[in-house]
Enquirer: 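What follows is a single structure, and I will ask about it in a moment.
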Amino acid sequence: MSVRVRFAPSPTGYLHIGSARTALFNYLYARNTGGKFLLRIEDTDLARSTEESTESILEGLEWLGFAPDEEIVFQSNNAEKHRAVAKRLLAEGKAYRDFTPKVAPTDLNIKDAIKDRARAGQGEKNIRDNEYRDLPVAESEARATSGEPFAIRLKVLESGKTAFEDEVYGLQERDYAETEDLVLLRSDGHPLYNLAVICDDIEMKITHVIRGQDHLTNTHKQILIYEALGVEPPTFAHLPLIMAPNKGKLSKRKHGEVVSMTTYRDAGFLAEAFRNFLALLGWSAGEEQEIYTLDDLITKFSLAGIHRSNAVFNFTENDPRRWTDDKAQWMNAEYIRTLPLDALLPHVRVELKSAKLWREEYDDDDRAWFEKTIDLIRQRFFTLKDFSSQGRAYFSEDYDFDPTAVAKNLARFPELREWLPMLADRFETEFADAAREQGLNLRFTEENIETVVKKFTEERATKLGVVMNGSRTLLTGTAVGPSMLSVFETLGLERSILRLRSGLAWNL
RNA sequence: GUCCGGUUCGUCUAGGGGUUAGGACACCGCCCUUUCACGGCGGCAACACGGGUUCAAAUCCCGUACCGGAUACCA
């Protein structure tokens, strides 16, 4: 039977980094086994589900490149089927009506309330102790027809245990005594999570359920339902969780944007880099390799390579340099400078377009220049954003000067105020005039530029670095960048002369 | 509370009876150099603790501690 897996987020917020990794592992497993990757939106919590969330999750998945192989399933569309299944179990005596009035939510926070209740009931209450559990069928029917509200609960056996072989955590067992008679259908007719998931997984013919370790106890409950239904459960693989730097829960509310997928897209991350990073959080191929193409990941992925311990997603709040995991940042920079140029170019184009720095010629007459320039400047970049910020001077005359760069490379050498325009004159005579008047063809190349600049500095008995660094700041606005010789060549003779003569930076 | 997991450098991890406990990121130093990076070389840095088993334990077993998850008419 061919593999079918699903990613099943509930749309109560944007695509979380943990969910993204779950999606990734499902995707990799599907591709590795030649199976299908499906998407199901679990939008049954009417109070919390929003359309914006669904959109945001879809955006995140699209960015990561995980397109579902079949149409997206919206769980809320199946509520009627879920109800029918609950009623079937009721008719078969595998579930019962619970007429206990619904308890109003406390003013405590919900998690604390649950914990309190669990602790309080400890040792006193038998979890099977429900007066309606063995209510005679006739009476149950009568009360129901009289309009009395009821929830439908699964009738869990008194003794025995659920067991399954988890592909990651191994044999998992749980005594029935640990599992309450879980509610299948709410008294308002609303089907609950565990029921809905199973019905949909069965209908979607899911063979492998790969999801977070926080679902481990749900799995035992779900197996109970599978058994009641007489359906063979799928294979389960639970994933370790991704934790915050303090090893606590990584939450949207507490940690904000750093856990959202769209943040990374908007910050200029490459999806291939982020995927690579995510894959290594809780999984490894057991080798000393860090960089994996998607194809590599697909071939090497296996459930056996998934860890059992949680991984920390490391970042430092209030430190702009460490706003997200160091390794993720390194990985992105690594991809920026090593990705085949053809693969990088489309991303750069998008970035330049959104910064209004794009020109059609880059795709046409100036294509060779453009590619060479990108290849030159990408060596020092960390994100796609850098192409439009730090790299701005390569694409526009309207660029900013970094004050510290000006202080360091220009202000400290007042003589440069005269020298740099003089260097422009020299360029003109050596490259432009010479070529025009004498028919010489001295090209504005690194090698020739070096000869000219060296001679120029020797005449002034100054260090090469002074002129080079001053030029860099004047021509690009920064103190950092590629070799100044390649900057000159890349900018070209005309722009170099123009900028060397401009007094812009001096007026800061 | 109870049940279920987990624990190798700061972080991600390799290793699963005999290793100088390996790699990556981060950090530090040196080299390269017109700047800053990149790159190269080197350094710092870990088997939670206590008992067993064994000639030999980071590795197997038991316990403790700590961390995490779950414990809803949420998903």
Enquirer: Any side-chain hydrogen bond (donor to acceptor under 3.5 Å, both in side chains) pairs touching residues 242-251 of chain A, not counting sequence neighbours?
Expert: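 Listed by first then second residue: nothing to list.
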
Enquirer: Of the nucleotides rU35(B), rG5(B), rC12(B), which has the atom closest to the Q213(A) side chain?
Expert: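 Among the listed nucleotides, the one closest to the side chain of Q213(A) is rG5(B).
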
Enquirer: Just call it for A311(A): base, sugar-phosphate, or nothing, with non-hydrogen atoms closer than 4.0 Å on any strand.
Expert: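 Sugar-phosphate contact only - A311(A) comes under 4.0 Å of backbone atoms but never of a base.
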
Enquirer: Do R48(A) and rC74(B) share a donor-acceptor pair, side chain to base, under 3.5 Å?
Expert: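 Under the 3.5 Å cut-off, the side chain and the base do form a donor-acceptor pair.
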
Enquirer: Starting the side chain at C-beta, find the nucleotide from rC36(B), rG68(B), rG39(B) nearest to N310(A).
Expert: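 Looking only at side-chain atoms, N310(A) lies closest to rG68(B).
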
Enquirer: Testing Q172(A), Q213(A), R211(A) for side chain to side chain contact (heavy atoms under 4.5 Å, CB included) with T219(A), which one passes?
Expert: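 It is R211(A), the one option of Q172(A), Q213(A), R211(A) that forms the side chain to side chain contact (heavy atoms under 4.5 Å, CB included) with T219(A).
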
Enquirer: Does the distance from a Lys or Arg side-chain N to an Asp or Glu carboxylate O, for E458(A) and K454(A), drop under 4.0 Å?
Expert: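 A salt bridge is absent here (no side-chain N lies under 4.0 Å from a carboxylate O).
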
Enquirer: Between residues 175-184 of chain A and RNA chain B, which residues have a heavy-atom gap below 4.0 Å?
Expert: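 Correct list: E178(A), V183(A).
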
Enquirer: Describe the nucleic acid contact of P101(A) in one word from base, sugar-phosphate, nothing, applying a heavy-atom distance below 4.0 Å.
Expert: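 P101(A): base contact, heavy atoms under 4.0 Å.
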
Enquirer: Would you classify Y169(A) as touching base, sugar-phosphate or nothing, given that sugar-phosphate means primed atoms plus P, OP1 and OP2, and contacts are heavy atoms under 4.0 Å?
Expert: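 Here Y169(A) touches the backbone only, sparing every base.
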
Enquirer: Work out how far the C1' atom of rC44(B) is from that of rC9(B), and round it to whole angstrom.
Expert: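 That atom pair is separated by 10 Å.
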
Enquirer: Once salt bridge (charged side-chain N to carboxylate O under 4.0 Å, His left out) is applied, what residue pairs with a partner in residues 73-84 of chain A remain, sequence neighbours excluded?
Expert: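 Every pair satisfying salt bridge (charged side-chain N to carboxylate O under 4.0 Å, His left out) with a residue in residues 73-84 of chain A: E80(A)-R83(A), K81(A)-E203(A).
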
Enquirer: Examine distances only and state if a side-chain atom of T457(A) and a backbone atom of L464(A) form a donor-acceptor pair shorter than 3.5 Å.
Expert: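 Checked: no pair found.
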
Enquirer: Can you tell me the Watson-Crick or wobble partner of rU34(B), both distances under 3.5 angstrom?
Expert: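 Pair assignment: rU34(B) / none.
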
Enquirer: Taking N and O atoms by type only, does the side chain of S187(A) place a donor or acceptor under 3.5 Å from a partner on the base of rC73(B)?
Expert: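 Between rC73(B) and S187(A), which were checked side chain against base, a qualifying N/O pair under 3.5 Å is present.
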
Enquirer: Quick one: does NZ or CZ of K300(A) land under 6.0 Å from the six-membered ring centre of Y292(A), within 45 degrees of the ring axis?
Expert: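 No - K300(A) does not lie over the ring of Y292(A) by the 6.0 Å and 45° rule.
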
Enquirer: For the pair made of CE in M468(A) and P in rU34(B), what is the distance, rounded to whole Å?
Expert: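 The distance from CE of M468(A) to P of rU34(B) comes to 9 Å, rounded to the nearest Å.
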
Enquirer: Does L185(A) reach a base, just sugar-phosphate, or nothing at all? Heavy atoms under 4.0 Å.
Expert: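 Touches nothing.
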
Enquirer: Tell me whether the guanidinium CZ or amine NZ of R392(A) lies under 6.0 angstrom from the six-membered ring centre of Y394(A) and within 45° of its axis.
Expert: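 No; the conditions do not both hold, so R392(A) does not lie above the ring face of Y394(A).
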
Enquirer: Among rU35(B), rA75(B), rU7(B), which nucleotide has an atom closest to any side-chain atom of S309(A)?
Expert: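 Closest of the options to the side chain of S309(A): rU7(B).
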
Enquirer: Please tell me if R472(A) has a side-chain N or O lying less than 4.0 Å from either OP1 or OP2 of rU34(B).
Expert: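 No.
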
Enquirer: Detail all sub-3.5 Å separations between protein N/O atoms and N/O atoms belonging to nucleotides 14-17 of chain B.
Expert:
from	atom 1	to	atom 2	distance (Å)
rA14(B)	OP1	S284(A)	OG	2.9
rA14(B)	OP1	H307(A)	NE2	3.0

Enquirer: So, using ring-ring contact (aromatic ring centres under 6.0 Å, His included) as the criterion, who are the partners of Y132(A) when residues are at least two apart?
Expert: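 Checked Y132(A) against ring-ring contact (aromatic ring centres under 6.0 Å, His included); matches are F99(A).
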
Enquirer: Taking the ring of F164(A) and the ring of H220(A), is the distance between their centroids below 6.0 Å?
Expert: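 Centroid separation for H220(A) and F164(A): below 6.0 Å.
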
Enquirer: Both H190(A) and F277(A) contact RNA chain B. Taking the nearest nucleotide for each, which residue is further toward the 5' end?
Expert: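 Mapping each residue to its closest nucleotide by heavy atoms, the 5'-most match is F277(A).
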
Enquirer: Counting the atoms with a prime plus P, OP1 and OP2 as sugar-phosphate, which does G282(A) contact under 4.0 Å by heavy atoms, base, sugar-phosphate, or nothing?
Expert: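 Sugar-phosphate contact only.
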
Enquirer: Working to the nearest 0.5 Å, report the span between CZ of F401(A) and CG of N409(A).
Expert: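 Going from CZ on F401(A) over to CG on N409(A), the span is 12.5 Å.
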
Enquirer: Answer with base, sugar-phosphate or nothing: what part of the nucleic acid does P482(A) contact at a heavy-atom distance below 4.0 Å?
Expert: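 If one applies the 4.0 Å heavy-atom cut-off, P482(A) turns out to touch a base.
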
Enquirer: Please find out if less than 6.0 Å separates the ring center of F315(A) from that of W323(A).
Expert: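 Here the rings of W323(A) and F315(A) have centres that are no less than 6.0 Å from each other.
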
Enquirer: Atom CD1 of I225(A) and atom P of rA75(B): how far apart are they, to the nearest Å?
Expert: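 The distance from CD1 of I225(A) to P of rA75(B) comes to 12 Å, rounded to the nearest Å.
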
Enquirer: Using 30° and 60° as the class limits, which term best fits the ring planes of Y264(A) and F269(A): parallel, tilted or perpendicular?
Expert: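 Geometry flag for F269(A) against Y264(A): perpendicular rings.
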
Enquirer: Do any side-chain nitrogens or oxygens of R308(A) fall under 4.0 Å of OP1 or OP2 in rU7(B)?
Expert: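 No, R308(A) has no side-chain N/O under 4.0 Å of OP1/OP2 on rU7(B).
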
Enquirer: Counting side-chain heavy atoms from C-beta on, which of rC74(B), rU35(B), rC12(B) comes nearest to V312(A)?
Expert: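 Of the candidates, rC12(B) comes closest.
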
Enquirer: Under 4.0 angstrom, heavy atoms only, what part of the nucleic acid is S471(A) near: base, sugar-phosphate, or nothing?
Expert: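 No contact at all - S471(A) keeps every heavy atom at 4.0 Å or more from the nucleic acid.
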
Enquirer: Name the nucleic acid region contacted by S483(A), choosing base, sugar-phosphate or nothing; use a 4.0 angstrom heavy-atom cut-off, strictly under.
Expert: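 It contacts base atoms.
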
Enquirer: Measure the distance from CZ on F488(A) to P on rU35(B) and round it to the nearest whole Å.
Expert: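 Computing the F488(A):CZ to rU35(B):P distance gives 15 Å.
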
Enquirer: Respond yes when some side-chain nitrogen or oxygen of T217(A) is under 4.0 Å from OP1 or OP2 of rC4(B), and no when none is.
Expert: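 The answer is no; no side-chain N or O of T217(A) sits under 4.0 Å from OP1 or OP2.
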
Enquirer: Going by the angle between their ring planes, with limits at 30° and 60°, are F236(A) and H238(A) parallel, tilted or perpendicular?
Expert: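 F236(A) and H238(A): parallel rings.
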
Enquirer: Let's test this: given Watson-Crick or G-U wobble pairing with both distances under 3.5 Å, identify the partner of rU20(B).
Expert: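 Because no pair has both required distances under 3.5 Å, rU20(B) counts as unpaired.
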
Enquirer: At less than 3.5 Å, do the side-chain atoms of R174(A) and the base atoms of rC4(B) form a donor-acceptor pair?
Expert: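 By the distance-only test, no, there is no pair.
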
Enquirer: CD of E334(A) versus P of rG23(B): gap in Å, rounded?
Expert: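 Nearest whole value for this atom pair: 18 Å.
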
Enquirer: Which base, if any, makes a Watson-Crick or G-U wobble pair with rU53(B), both distances under 3.5 Å?
Expert: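 When the pairing criteria are applied, nothing turns out to pair with rU53(B), so the answer is none.
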
Enquirer: Could you tell me whether K249(A) contacts a base, only the sugar-phosphate backbone, or nothing, with contacts defined as non-hydrogen atoms closer than 4.0 Å?
Expert: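 Here K249(A) touches the backbone only, sparing every base.
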
Enquirer: Take atom CG of D375(A) and atom P of rA37(B), then tell me their distance rounded to the nearest Å.
Expert: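 Taking CG of D375(A) and P of rA37(B), I get 20 Å after rounding.
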
Enquirer: Extract from the structure each pairing of a protein N or O with an N or O of nucleotides 24-32 of chain B at less than 3.5 Å, listing the distance.
Expert:
from	atom 1	to	atom 2	distance (Å)
rA24(B)	O4'	E290(A)	OE2	3.0
rA24(B)	O2'	K327(A)	NZ	3.4
rA24(B)	N3	K327(A)	NZ	3.0
rC25(B)	O2'	K327(A)	N	3.3
rA26(B)	O3'	R322(A)	NH2	3.0
rA26(B)	O2'	R322(A)	NH2	2.6
rC27(B)	OP1	R321(A)	NH2	2.9

Enquirer: Using whole Å, report how far CG of N314(A) lies from P of rC9(B).
Expert: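 Taking atom P of rC9(B) as the reference, CG of N314(A) is at 13 Å.
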
Enquirer: Please give the nucleotide sitting opposite rC41(B) as a Watson-Crick or G-U wobble pair, both distances under 3.5 Å, or none.
Expert: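 The base-pairing partner of rC41(B), which may sit in any strand shown, is rG29(B).
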
Enquirer: Partner of rU64(B) by Watson-Crick or G-U wobble geometry, both contacts under 3.5 Å, or none?
Expert: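 Paired with rA48(B).
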
Enquirer: Between K247(A) and rC66(B), is there a contact of a side-chain N or O with OP1 or OP2 at under 4.0 Å?
Expert: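 For rC66(B), neither OP1 nor OP2 has a side-chain N or O of K247(A) closer than 4.0 Å.
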
Enquirer: Is Q172(A) touching bases, backbone alone, or none of the nucleic acid, heavy atoms closer than 4.0 Å?
Expert: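 Q172(A): backbone/sugar contact only, no base atoms under 4.0 Å.
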
Enquirer: Check whether NZ of the Lys or CZ of the Arg R97(A) lies under 6.0 Å from the centre of the six-membered ring of F150(A) and within 45 degrees of that ring's axis.
Expert: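 Judged by the rule (NZ or CZ under 6.0 Å from the ring centre, within 45° of its axis), R97(A) counts as positioned above F150(A).
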
Enquirer: For the C1' atoms, the ones on rC67(B) and on rC49(B), what distance do you get once it is rounded to whole angstrom?
Expert: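 The answer is 15 Å between these two C1' atoms.
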
Enquirer: Both distances under 3.5 Å, Watson-Crick or G-U wobble: report the partner of rA70(B), or none.
Expert: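 Matched rA70(B) with rU2(B) under the 3.5 Å cut-off.
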
Enquirer: Apply the salt bridge (Lys or Arg N to Asp or Glu O under 4.0 Å) test between D181(A) and each candidate in K221(A), R153(A), R133(A); give the one that qualifies.
Expert: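 The salt bridge (Lys or Arg N to Asp or Glu O under 4.0 Å) with D181(A) is passed solely by R133(A) among K221(A), R153(A), R133(A).
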
Enquirer: With a non-hydrogen cut-off below 4.0 angstrom, is M331(A) in contact with a base, only sugar-phosphate, or nothing?
Expert: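 Here M331(A) touches no strand at all.
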
Enquirer: Does rC9(B) pair with anything, Watson-Crick or G-U wobble, both distances under 3.5 Å, and if so, with which nucleotide?
Expert: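 None - no nucleotide pairs with rC9(B), as no candidate has both distances under 3.5 Å.
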
